[in-house]
Amino acid sequence: MALPLYDHDLPGTFIAFCGMDGSGKTSLIEGLSKRLASGGVEPVVTMQPSRYARESPLFTRYIYHPEERHQVDYRALICLLTSDRLQNLHEVVLPALREGRTVITDRYVFTALAQMRARGFANEEWFFEICKHVPRPDLTLLCDPGFQVSQGRVGRRTDWRDSYIEADHDQQLYMNYQIVADEEGLVRFDTNLPVEESLDLLYGIVNDRLPNLLS
Ligand SMILES: Nc1ncnc2c1ncn2[C@@H]1O[C@H](COP(=O)(O)OP(=O)(O)OP(=O)(O)O)[C@@H](O)[C@H]1O
Ligand SMILES: Cc1cn([C@H]2C[C@H](O)[C@@H](COP(=O)(O)O)O2)c(=O)[nH]c1=O
């Protein structure tokens, strides 16, 4: 495993979803949350980056305004997102895990690793050092409908931010997600199926890996 994350010993259960834009994370998190709630387990759902980081000029300039990107130091962006992750863990994830809750996060540190490598920042020792303070989820899912399908879904969106595609980078990113999945033990599953079928696959994985969570 490339990332020196720590294994938590808290009573709750921590699940992370990763994958390309349009890979189906949000839709499947919604489905899983409803399924958990119907069995009496109301999950805490969070996302990284949080809305605070997403609204920051550093993030919006880098992610959505490539013409202004040269003004942003990519390491500064990694710092922002890393700080945001630590704070989200401190404020939301860890307190809920201490209470025995089930926490689901939309994106996590594995997205950061795939993104950094795709941008050519593969050996940031300081980043790996900070990862020692970041818990490993009990289960991390990589939603993967295939590169073309995720790009197609994003391209069909109407909001300009949600439909933003950066073809060359996205290709690198897809490849790096595959590598990170192998290195970090992410569980891949097919999201190029009708949503209900992907959800059934997902429930099967959750049942296998986290027995007793879904009643
Ligand atoms: N099997 C599937 N699983 C998940 N989503 C699917 C599936 N099949 C089709 N879709 C559709 O694909 C789209 C995926 O969008 P969604 O917002 O869930 O992806 P996302 O990974 O959260 O994207 P982003 O990171 O850009 O927010 C939705 O419109 C969803 O209905
Ligand atoms: C955690 C993390 C995220 N990003 C990028 C990846 C996406 O383009 C956006 C998040 O938007 P979405 O609505 O969740 O699709 O942020 C990143 O570059 N580095 C990170 O560590």
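Remember, it's 1-based here, ligands and their atoms both numbered in the order they're listed. Start at 1 with the first residue, then count along the sequence.
What you find for Gly12 and His8 is that their closest heavy atoms are O-CE1, 3.4 Å. Minimum heavy-atom separation, Glu42 to Arg101: O-NH2, 3.1 Å.
In terms of protein heavy-atom proximity, atom 14 (O) of ligand 2 is closest to Arg107 NE, 2.6 Å. Looking from atom 23 (O) of ligand 1 to the surrounding protein, the closest heavy atom is Gly22 N, 2.9 Å. For atom 22 (O) of ligand 1, the closest non-hydrogen atom of the protein is Thr26 OG1, 2.4 Å.
The closest approach between a heavy atom of Arg54 and any atom of ligand 2 is below 4.0 Å. At least one heavy atom of Phe59 sits less than 4.0 Å from an atom of ligand 2. Gly19 does not count as a contact of ligand 1, since none of its heavy atoms falls under 4.0 Å from the ligand. The closest approach between Arg85 and ligand 2 falls below 4.0 Å for a heavy atom of the residue.
Distances between N or O atoms of Gln48 and those of ligand 2 include no value under 3.5 Å. The shortest N or O to N or O distance between Asp106 and ligand 2 is not under 3.5 Å.
Considering only non-hydrogen atoms, atom 26 (O) of ligand 1 lies nearest to Arg157 out of Glu30, Met47, Arg157, Met20. Between the choices Ser27, Pro145, Gly24, the shortest heavy-atom distance to atom 19 (O) of ligand 1 belongs to Gly24.
Under 4.0 Å is where a charged nitrogen must lie from a carboxylate oxygen, and between Arg107 and Asp21 at least one such pair does.
Residue-level proximity to ligand 1 for Arg153 is carried by the side chain, the only part with a heavy atom below 4.0 angstrom. When non-hydrogen atoms are compared, ligand 1 lies under 4.0 Å from neither the backbone nor the side chain of Glu197. With a 4.0 Å heavy-atom cut-off, ligand 1 is reached by the side chain of Ser198 but not by its N, CA, C or O.
Side-chain polar atoms of Asp84 and Ser50 form a donor-acceptor pair below 3.5 angstrom. Using modelled atom types and a 3.5 Å distance limit, the side chains of Arg119 and Gln172 yield no donor-acceptor pair.
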